[in-house]
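Below is one structure, written out as structure tokens; comments come after it.
Whatever order the structure lists ligands and atoms in, that order sets their numbers, starting from 1. Residue indices begin at 1 and follow the sequence shown.
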Amino acid sequence: MESRASTTPMSIENRDHACPQCGETSAVTTSPYLHTFRYGSGESAVDLAIELPLRRCCACEFEFLDDEAERLEHEAICKHLGVLSPTEIERIRRRHGMTRAIFAQVTGLGEATLNRWENGIKIQTLANDRYLRLLALPLNMQMLKRFGSSAQTSSYSANLNVGKFPALSESDLVRHRQEQTSFALRLAA
Ligand SMILES: [Zn+2]
């Protein structure tokens, strides 16, 4: 059996990778490329190193990186920050067999926000990251499902939009203000 030399490309790619230069679809090969980049600024800046798939077109010799490299770079940053990667977030949602819309409805997370996390456009805050990790547990998801129907959720959002506290009536608010006033007077005396 013939052993592969280290310079042998990782694979001869199929039609998925068209050369952006000449458009050739059957001549793109992939080989590993060590990429180092700086993440962050000031004292928290770090140098991260990752292996990326470098594409090379055998027809016109053009070399390029594509969205797979972008995805890997984003995952390296998530790993460095200690938060879930887009793939891991999507895996959690799919484990529950939920669409983004359903997942958003049950968890109270915004569907657009979820979309940004899963596509690597934005990285979730540490608090949301911890929340997502808890959501991976079926028991926690079952508990959330009990919290309320979509009707309640949308009425909560609607109330927030007009700037009222959904749980307090107008008279509650007046009473609250009066209590604050008398408390302030007592302090001054
Ligand atoms: Zn080409």
Side-chain angles (χ1 to χ4, degrees), residues 1-138 140-141:
M1 238 178 87
E2 210 184 277
S3 66
R4 283 188 168 201
S6 61
T7 48
T8 306
M10 280 156 99
S11 63
I12 299 290
E13 294 296 322
N14 47 32
R15 46 241 99 88
D16 291 338
H17 306 288
C19 170
Q21 178 115 308
C22 71
E24 185 60 60
T25 52
S26 58
V28 178
T29 61
T30 303
S31 54
Y33 161 71
L34 189 69
H35 171 58
T36 314
F37 64 100
R38 180 151 289 204
Y39 178 76
S41 58
E43 278 181 26
S44 65
V46 284
D47 288 320
L48 301 174
I50 42 164
E51 196 172 271
L52 297 178
L54 179 69
R55 317 282 186 206
R56 184 174 183 278
C57 174
C58 300
C60 72
E61 315 241 301
F62 185 64
E63 289 185 328
F64 60 97
L65 293 169
D66 55 17
D67 53 353
E68 176 67 5
E70 209 173 298
R71 187 185 66 79
L72 289 168
E73 189 174 305
H74 187 84
E75 292 208 343
I77 294 169
C78 290
K79 199 177 163 197
H80 163 69
L81 296 173
V83 299
L84 295 165
S85 72
T87 318
E88 288 171 319
I89 296 173
E90 191 178 342
R91 205 178 296 146
I92 289 173
R93 175 173 62 77
R94 290 192 185 277
R95 201 179 298 156
H96 297 294
M98 290 177 171
T99 60
R100 273 188 206 140
I102 302 285
F103 192 83
Q105 208 172 74
V106 174
T107 61
L109 294 164
E111 194 181 337
T113 304
L114 196 59
N115 188 48
R116 283 192 282 271
W117 294 342
E118 287 191 10
N119 285 300
I121 298 162
K122 244 190 137 181
I123 296 177
Q124 66 279 10
T125 61
L126 204 59
N128 277 326
D129 186 77
R130 300 308 184 242
Y131 180 40
L132 285 166
R133 284 169 197 268
L134 291 177
L135 292 172
L137 305 173
N140 288 339
M141 192 54 90

Legend entry - Cys58 near the Zn ion (ligand 1): N/O/S under 2.8 Å: no
Legend entry - Carboxylate-amine/guanidinium contact Arg55 Glu63, below 4.0 Å: no
Inset, instruction - Starting at CZ of Arg94, measure out to OG1 of Thr87 and round the result to the nearest 0.5 Å. - result: 11.0 Å
Inset, instruction - To 10°, measure the SG(Cys19)-the Zn ion (ligand 1)-SG(Cys57) angle for me. - result: 110°
Inset, instruction - Return yes when atom CD of Glu68 has more than 12 non-hydrogen atoms of other residues, nucleotides or ligands closer than 6.0 Å, and no otherwise. - result: yes
Legend entry - Lys79/Glu75 salt bridge by N-O under 4.0 Å criterion: no
Legend entry - SG (Cys60) - the Zn ion (ligand 1) - SG (Cys22) angle, nearest 10°: 120°
